[in-house]
Peer 1: 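Here it is: the structure, laid out below.
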Amino acid sequence: MKKAVCPGSFDPITNGHLDIIKRAAELFDEVTVLVVTNPDKKCAFSPEERCDLIKKATEDIEGVKVDSFSGLLADYVKQNEINAIVKGIRSSSDFEYEFQMALANRSLAPNAETVFITADPQNMYVSSSLIRQIACFGGDVSDFVPKNIVEEIEKRFK
Ligand code: PNS
């Protein structure tokens with residue numbers, strides 16, 4: 001069984017994340033969407049809220065699980081015998097950052113390959129921070145986040 005992990009902050013999950021998760025689910029038998037909690041990072045949503053939003057957004061995708069973890073991604077990968085770390089790439093700056101992380105993870109967890117999936121052009125400019133900013137000022141986020149979580153996100157910022 002080929003297992004992959006899609007790690008991230010997901011604060012909150014976007015259409016860009018959802019597209020990468022769907023495409024990863026076509027390539028692997030099991031995909032764990034992993035909310036990586038960083039105690040130093042101030043997030044708008046708690047880890048539990050972020051997991052709940054992801055569960056709702058991915059409920060129709062077969063083979064997708066949601067989990068959260070506080071620690072090194074390489075440790076989670078080894079503990080759970082995961083074969084691949086899937087990352088979405090939107091731009092060359094994403095690549096610079098992700099390439100460095102991929103090399104570090106390769107050294108820490110040599111049995112897992114990092115797999116890059118290129119963003120759909122439609123989602124190239126979409127980010128969680130953009131969504132937080134729009135929602136914070138009462139804007140409409142429905143073009144940027146999964147349809148069935150729009151209300152929860154907008155309500156959160158009211
Ligand atoms: O959505 P983000 O914030 O860009 O995701 C970054 C994330 C959470 C995937 C990355 O920071 C991470 O893997 N953090 C876990 C700690 C870790 O393993 N750091 C070393 C990476 S080489």
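Counting convention: from 1, in listed order, for ligands and their atoms alike.
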Peer 1: Where is the nearest protein heavy atom to atom 18 (O) of ligand 1: which residue, which atom, and how far?
Peer 2: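 For atom 18 (O) of ligand 1, the nearest protein heavy atom comes out as L73 N, 2.8 Å.
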Peer 1: Students should be able to answer this: which protein heavy-atom is nearest to atom 19 (N) of ligand 1, and at what distance?
Peer 2: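 For atom 19 (N) of ligand 1, the nearest protein heavy atom comes out as L72 CD2, 3.9 Å.
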Peer 1: May I ask you to identify the nearest protein heavy atom to atom 21 (C) of ligand 1, giving residue, atom name and distance to one decimal place in Å?
Peer 2: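 Checking every protein heavy atom, the shortest distance to atom 21 (C) of ligand 1 gives M101 SD, 3.8 Å.
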Peer 1: So is R90 actually on top of Y125's ring, under 6.0 Å and inside 45° of the axis?
Peer 2: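 No, R90 does not sit over the ring of Y125.
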Peer 1: Exactly one of I13, D11, V35 should register a side chain to side chain contact (heavy atoms under 4.5 Å, CB included) with F45. Which one does?
Peer 2: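 Checked I13, D11, V35 against F45; only one passes side chain to side chain contact (heavy atoms under 4.5 Å, CB included): D11.
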Peer 1: Look at ligand 1 and say whether A102 reaches it with a heavy atom at a distance under 4.0 Å.
Peer 2: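 In this structure, A102 fails to qualify as a contact of ligand 1 - no heavy atom is under 4.0 Å.
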Peer 1: Report the nearest protein non-hydrogen atom to atom 15 (C) of ligand 1: residue, atom name, distance rounded to 0.1 Å.
Peer 2: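 The closest heavy atom on the protein side is V36 CG1, 3.4 Å.
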Peer 1: For atom 16 (C) of ligand 1, which of the options S127, G88, G71 provides the nearest non-hydrogen atom?
Peer 2: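 It is G71 whose heavy atom sits nearest to atom 16 (C) of ligand 1.
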Peer 1: Looking at F137 versus F157, is the centre-to-centre ring distance below 6.0 Å?
Peer 2: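 For F137 and F157, the ring centres are not under 6.0 Å apart.
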Peer 1: Answer whether the closest heavy-atom distance between the side chains of L18 and T58 falls below 4.5 Å.
Peer 2: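 Counting from C-beta outward, L18 and T58 do come under 4.5 Å.
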Peer 1: At less than 4.0 angstrom from any non-hydrogen atom of A104, what atoms of ligand 1 do you find?
Peer 2: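 Counting atoms of ligand 1 from 1, those under 4.0 Å from A104 are 22 (S).
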Peer 1: Would you say K41 has any N or O atom under 3.5 Å from an N or O of ligand 1, going by distance alone?
Peer 2: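 Checking ligand 1 against K41, an N or O pair does fall under 3.5 Å apart.
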Peer 1: Under 4.0 angstrom from ligand 1, any heavy atom of Q100?
Peer 2: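 Checking ligand 1 against Q100, which is what was asked, there is no heavy-atom contact under 4.0 Å.
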Peer 1: Is there a polar contact between ligand 1 and A74, counting only N or O atoms under 3.5 Å apart?
Peer 2: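 A74 vs ligand 1: no N/O contact under 3.5 Å.
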Peer 1: A side-chain contact here means heavy atoms from C-beta on lying under 4.5 Å apart; do N148 and E59 qualify?
Peer 2: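 When only atoms from C-beta onward are counted, E59 and N148 do touch, with a gap below 4.5 Å.
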Peer 1: Any donor-acceptor pair under 3.5 Å linking the side chain of D19 with the backbone of A119?
Peer 2: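 Not confirmed, D19 side chain does not pair with A119 backbone.
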Peer 1: Once you restrict to heavy atoms under 4.0 Å, what part of S9 touches ligand 1? Side chain, backbone, both or neither.
Peer 2: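 For S9, the contact with ligand 1 is made by both the backbone and the side chain.
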